[in-house]
Amino acid sequence: MTLIPAFVAFPTAKILLDAGAGVLQIGVFVSTLMMVGVVTLPLESRIFGRKAAVARNALAYLWSFVAGYVVFWAVR
């Protein structure tokens, strides 16, 4: 739901990891790129309704932090 596709996000994450970024932060970064769609919010609002679109994006944002912690604990 974002303008940054996976084939760009994952190599960017690798570059950031090599530059010293933490695994937790990269997990949150990549999952947020994949799940939160601020740019596509107007289209999503027209299809699903504004309330549902905002709720989905808010929950996806919160879930990104959960995913980041899961990645952190998995590679620890």
Side-chain angles (χ1 to χ4, degrees):
M1 298 302 292
T2 181
L3 290 177
I4 301 176
F7 67 85
V8 174
F10 291 125
T12 303
K14 174 68 171 136
I15 292 168
L16 291 171
L17 276 173
D18 291 344
V23 173
L24 176 84
Q25 292 80 9
I26 295 300
V28 173
F29 172 71
V30 170
S31 61
T32 302
L33 284 176
M34 297 295 117
M35 293 193 293
V36 178
V38 176
V39 174
T40 59
L41 190 60
L43 176 64
E44 193 174 347
S45 295
R46 274 188 273 146
I47 294 171
F48 299 115
R50 180 150 179 82
K51 187 175 179 180
V54 170
R56 191 206 61 80
N57 277 291
L59 289 173
Y61 180 73
L62 294 174
W63 184 252
S64 292
F65 287 93
V66 173
Y69 279 105
V70 168
V71 169
F72 173 73
W73 288 106
V75 298
R76 225 180 110 194

About how many Å separate CD of Gln25 and CG of Leu17, when rounded to the nearest 0.5 Å?
9.5 Å
Establish whether [X] and [Y] are linked, either directly or via other cluster members, by ILVMFWY side-chain heavy-atom contacts under 4.5 Å.
X     : Y     : answer
Phe10 : Val75 : yes
Phe7  : Leu16 : yes
Leu33 : Val23 : yes
Val39 : Val54 : no
Val70 : Leu59 : no

Any salt bridge (charged side-chain N to carboxylate O under 4.0 Å, His left out) pairs touching residues 58-69, not counting sequence neighbours?
none
Of all the heavy-atom pairs spanning [X] and [Y], show the shortest one and how long it is.
X     : Y     : result
Val30 : Ala13 : CG2-CB, 3.6 Å
Asn57 : Val38 : OD1-N, 4.5 Å
Pro5  : Met34 : C-CE, 4.1 Å
Pro11 : Ala6  : CD-O, 4.0 Å
Ala21 : Ile26 : CB-CD1, 3.8 Å

In the hydrophobic clustering that connects Ile, Leu, Val, Met, Phe, Trp and Tyr at side-chain heavy-atom distances below 4.5 Å, which members other than Leu43 occupy its cluster, ordered by chain and number?
Ile47, Phe48
Any donor-acceptor N/O pair, Arg56 side chain to Met35 backbone, under 3.5 Å
yes
Taking ring pair (Phe, Tyr, Trp, His ring centres under 6.0 Å) as the test, write out the residues that go with Phe65, two or more places apart.
Tyr61
